[in-house]
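Notes for the one structure printed next.
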Amino acid sequence: MSNPLLQDYDLPPFSAIRAEHVKPAIEQILADNRAQIHALLATSPTEWTWEDLMEPLDETGERLSRAWSPVGHMNSVVNTPELRDAYNSCLPMLSEYFTELGQNQALFEAYTQLAESDRFAELDGTQQMIINKALRDFRLSGIALPPAQQKRYGELQMRLSELQSKFSNQVMDATQAWTRHITDRSVLAGLPESALDQARQAAEAKGLDGWLITLEFPSYYAVMTYADDRALRQELYTAYSTRASDQGPNAGEFDNGPLIDEILALRLELAELLGYASFAELSLATKMAESTDQVLGFLRDLASRSKPFAEADLQSLREFAAEHGCDALQTWDVGYYSEKLRQHRYAISQEALRPYFPINRVLDGMFAVAERLYGVQMREVAEFDRWHPDARLFEVVEEGQVIGRFFLDLYARSNKRGGAWMDGFRDRRRLPGGVVQTPVAYLVCNFTPAVGGKPALLTHDEVTTMFHEFGHGLHHLLTRVDYSAASGINGVAWDAVELPSQFMENWCWEPEGLALISGHYETGEALPQDLLEKMLAARNFQSGLGMLRQLEFSLFDFELHAQGRGGRSVQQVLDAVRDEVSVLRPPASNRFQNGFAHIFAGGYAAGYYSYKWAEVLSSDAFSRFEEEGVLNPETGRAFREHILGKGGSREPMELFVAFRGREPSIDALLRHSGLTGEAA
């Protein structure tokens, strides 16, 4: 039986991919790649050229990526025990392979020779940047280390890849391990019909009557925001905030605590092996930020500016809760009374907005924004090979030509990783024959699915998430770079990669954008003017609390990786950060860190600050649209040319200055967040 992962395909044959295909395919491709690289280096030309060295290497990377990308994607969105085992069995092999590449002396010498040759000056700026970054990455892979230390580097990378995958799996398992079956509707008093329908559907899927509450985010959010039953909110909060830990209802069952300790120890050892004082220093070697002091100073400055606003937000909330019979506000009360206060103050709620944001209207409007700004159209493809019935596929069309495609997988379900993300399946690159390979992306969210015969109706928060991920997608898909190492998001400094995604969120708040993305699911009626005005008035409701929450996460991550623990536990580091920036402390049982997959299983280790760092860039970039017209096609073309189109071909600051005409200012972020003037 032929292995679909070894076939030459345009889009992955998802329905044909089985767990038993994974390991044999990856073993075969790694063996082939090793043989090809060995043969390539054995040619030893007197002078290497881009065509002789870089293009063949690009082909080996492309073949591996095309097989591994759909496996990783399916592991995240249709996880099974068999697929998980197959995926995990490949991690050590892949880690070993990439360590080998990074420590291949002959390959390093070939790159060095090309960089030092007369031919280097003939290459374009993007090619030169790719080679220079590759030489940097050789150094960060331990090319200069003695053999014993190189071996240890490889062991560390292999073990870290295993631990990080296990961390992610245990968060998923812990999320699915807890449910609350309810047969008495009065327990769910306060929940909107959409949430009740979703809970009823979840119960039916398990063969149960009544309603089933889970820790999947749409279910969790609905209870924490609307349930009148305080005991239910506390129960759910406790289960959610203790996932994968030594606390809570499933204490010790999927405990990520020991994994966190080992991950941190190995990261520090890795950094020290390469001559860095901390993992944060190692992390910054590939980022925009120049030093750990600069990052910590940036975060603390933002915290000191935001804290008075957060304290005022909390005081208002406490007073409001007390007026409604809650004298001792706890963390499981915050979402509930915040929503009540928002409705009291602005007469608006996320639920009131849902009917105006049916998924297809949101998508059509979002695509219309992209068309006006960037001159591209999105066209849905009906027939393609899906991994799940929810999956959709769209083409990106420019002047009649398909320049890219993207998959959508929008709804929460069992065996799907939580959160929202964009990932690339294929990069844009110019093939040796001159043909341009078009990029393909995955966009994944966890929205509330369609229930009760209605289409999926989004909250405005979910709409904003959709725009955020679409912004990442446009960065990948609208690139004009012809080399995969710098096209799309490749080669972009991690603290600049959130610029296009956060930038797109702005159109969810602009009347011109809202007119395109909203319309009542039954009548098509536009968002009424009074609702629009209330929504805009409520935009910065509790923005001080929201800002401090993100800064708490960022400081915790960076302190952990920059300053080390100094004999403290991870919990003590988090507690110290909360002492500094929090205004409302969670209960002692809270183990937020045990589910913090961004930094312990994703790419944000010593990099979570990137969200706020890039938000400075995105807010300031959008301020040019505020000056010139939020749907101004000329300004849109400039953004595409200087930011989206350039990918990782130039330094981010250089690209930002080319678009904005100056270096970024924090003023727009503070203004957009309502954190200017005096705290009310």
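- Relative ring orientation between F320 and H324 is described as tilted, the plane-to-plane angle lying within the 30° to 60° band.
- Ion pair E522/R361 not flagged as a salt bridge, since none of the NZ, NE, NH1 or NH2 atoms sits closer than 4.0 Å to an Asp/Glu carboxylate oxygen.
- Listed by first and then second residue, the salt bridge (Lys or Arg N to Asp or Glu O under 4.0 Å) pairs involving residues 607-618 are K612-E615 (not counting sequence neighbours).
- For the pair T635 (side chain) and L631 (backbone), a donor-acceptor distance under 3.5 Å is absent.
- Considering OG of S316 and CG of L341, their distance stands at 7.0 Å, rounded to 0.5 Å.
- Of the possible polar contacts, one joining the S665 side chain to the D667 backbone as a donor-acceptor pair under 3.5 Å is found.
- For the pair Q170 (side chain) and F254 (backbone), a donor-acceptor distance under 3.5 Å is present.
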Query raised in the report: So S554 and D557, side-chain hydrogen bond (donor to acceptor under 3.5 Å, both in side chains) or not? Walk me through it.
Result: CA-CA 5 Å; S554 301; D557 165 46; over 6 Å; no
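- Evaluation of the salt bridge (Lys or Arg N to Asp or Glu O under 4.0 Å) test over residues 492-513, restricted to residues two or more places apart or in two chains, returns none.
- For the pair R230 and Y336, the cation does not sit on the ring face, since its NZ or CZ is not both under 6.0 Å from the ring centre and inside 45° of the axis.
- No more than 12 heavy atoms of other residues, nucleotides or ligands sit less than 6.0 Å from atom CZ of R372.
- There is no side-chain donor-acceptor pair under 3.5 Å between Q563 and S278.
- Two rings, from F600 and F167, have their centers less than 6.0 Å apart.
- We find that D409 and K416 are joined by a salt bridge, their nearest charged nitrogen and carboxylate oxygen being less than 4.0 Å apart.
- Checked against the 6.0 Å centroid threshold, H468 and W421 do not count as a close aromatic pair.
- Between Q201 and D197, the side chains place no donor N or O within less than 3.5 Å of an acceptor N or O (distance only, hydrogens not considered).
- At distances below 3.5 Å, at least one donor-acceptor pair connects side-chain atoms of S291 with backbone N or O atoms of Q294.
- Taking both residues in full, the closest heavy atoms of L527 and S518 are given as CB-OG, 3.5 Å, listed atom of the first, atom of the second, then distance.
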Report task. Determine, stepwise, if the pair Q542 / S338 fulfils side-chain hydrogen bond (donor to acceptor under 3.5 Å, both in side chains). Result -> CA-CA 8 Å; Q542 294 187 342; S338 291; 3.0 Å; yes
Report task. May I have the step-by-step check of ring-ring contact (aromatic ring centres under 6.0 Å, His included) for W507 and F625, ending in yes or no? Result -> CA-CA 10 Å; W507 277 270; F625 285 83; 5.4 Å; yes
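- Of all heavy-atom pairs spanning G607 and W494, the tightest one is O-CD1, 4.4 Å.
- Between the side chains of E216 and N446, no donor-acceptor pair of N or O atoms lies under 3.5 Å.
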Report task. May I have the step-by-step check of salt bridge (Lys or Arg N to Asp or Glu O under 4.0 Å) for R660 and E627, ending in yes or no? Result -> CA-CA 12 Å; R660 197 66 185 93; E627 294 161 10; 2.9 Å; yes
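- Within the structure, the salt bridge (Lys or Arg N to Asp or Glu O under 4.0 Å) test picks out no pair touching residues 595-605 (sequence neighbours left out).
- With hydrogens and angles ignored, the 3.5 Å screen pairs no side-chain donor or acceptor of N590 with any backbone N or O of S241.
- At most 12 heavy atoms of other shown residues, nucleotides or ligands fall within 6.0 angstrom of atom CD in E663.
- Within a 6.0 Å sphere centred on NE2 of H344, heavy atoms belonging to other residues, nucleotides or ligands number 12 at most.
- At distances below 3.5 Å, not a single donor-acceptor pair connects side-chain atoms of H520 with backbone N or O atoms of F357.
- The six-membered or imidazole ring of F367 lies near that of F470, with a centre-to-centre distance under 6.0 Å.
- In this structure, R342 fails the cation-pi test against F541, since its NZ or CZ atom is not both closer than 6.0 Å to the six-membered ring centre and inside 45 degrees of the ring normal.
- For Y608 and F596, the distance between ring centers is under 6.0 angstrom.
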Report task. Show your working on ring-ring contact (aromatic ring centres under 6.0 Å, His included) between W178 and Y240 and close with a plain yes or no. Result -> CA-CA 9 Å; W178 186 95; Y240 190 86; 9.8 Å; no
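- Judged purely by atom type and a 3.5 angstrom limit, T238 uses its side chain to pair as donor or acceptor with the backbone of Q234.
- Rounded to the nearest 0.5 Å, atoms CE (M504) and CG (L499) are 12.5 Å apart.
- Looking only at distances, a side-chain donor or acceptor of S245 sits under 3.5 Å from a matching main-chain atom of T242.
- Using the six-membered ring where Trp is involved, Y221 and Y226 have ring planes that are perpendicular, over 60° apart on the 30 and 60° scheme.
- Not less than 6.0 angstrom separates the ring centroid of Y609 from the ring centroid of Y604.
- Under the 6.0 Å distance and 45° angle rule, R624 counts as a cation-pi partner of F659.
- Under the 4.0 Å criterion applied to side-chain N and carboxylate O atoms, R233 and D229 are not assigned as salt-bridge partners.
- Salt-bridge annotation for E626 and R671: present, with a side-chain N of the basic residue lying under 4.0 Å from a carboxylate O of the acidic one.
- Of the listed residues (R318, E319, E311), just one forms a side-chain hydrogen bond (donor to acceptor under 3.5 Å, both in side chains) with Q315, and that residue is E319.
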Query raised in the report: Checking side chain to side chain contact (heavy atoms under 4.5 Å, CB included) for the pair L236/M224: CA distance, chi angles, key distance, verdict?
Result: CA-CA 8 Å; L236 193 63; M224 299 309 297; 4.2 Å; yes
Report task. Might you work through the salt bridge (Lys or Arg N to Asp or Glu O under 4.0 Å) test for D579 and R585, ending with a clear yes or no? Result -> CA-CA 8 Å; D579 287 342; R585 293 297 291 266; 2.3 Å; yes
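- Checked by atom type, the side-chain pair T459/D461 shows no donor-acceptor distance below 3.5 Å.
- With respect to the salt-bridge test (charged N to carboxylate O, under 4.0 angstrom), the residues R300 and E559 qualify.
- Remark: side-chain polar atoms of S619 are not paired, donor with acceptor, to backbone N or O of V616 under 3.5 angstrom.
- Checking R417 against S168 by side-chain atom types alone, no donor-acceptor pair falls below 3.5 Å.
- The closest side-chain donor-acceptor pair between Q198 and T448, if any, does not fall under 3.5 angstrom.
- Checking side-chain atoms of S543 against main-chain N and O of S673 turns up a donor-acceptor pair under 3.5 Å.
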Query raised in the report: Passes ring-ring contact (aromatic ring centres under 6.0 Å, His included), Y611 versus F553? Steps please.
Result: CA-CA 10 Å; Y611 283 103; F553 298 167; 10.0 Å; no
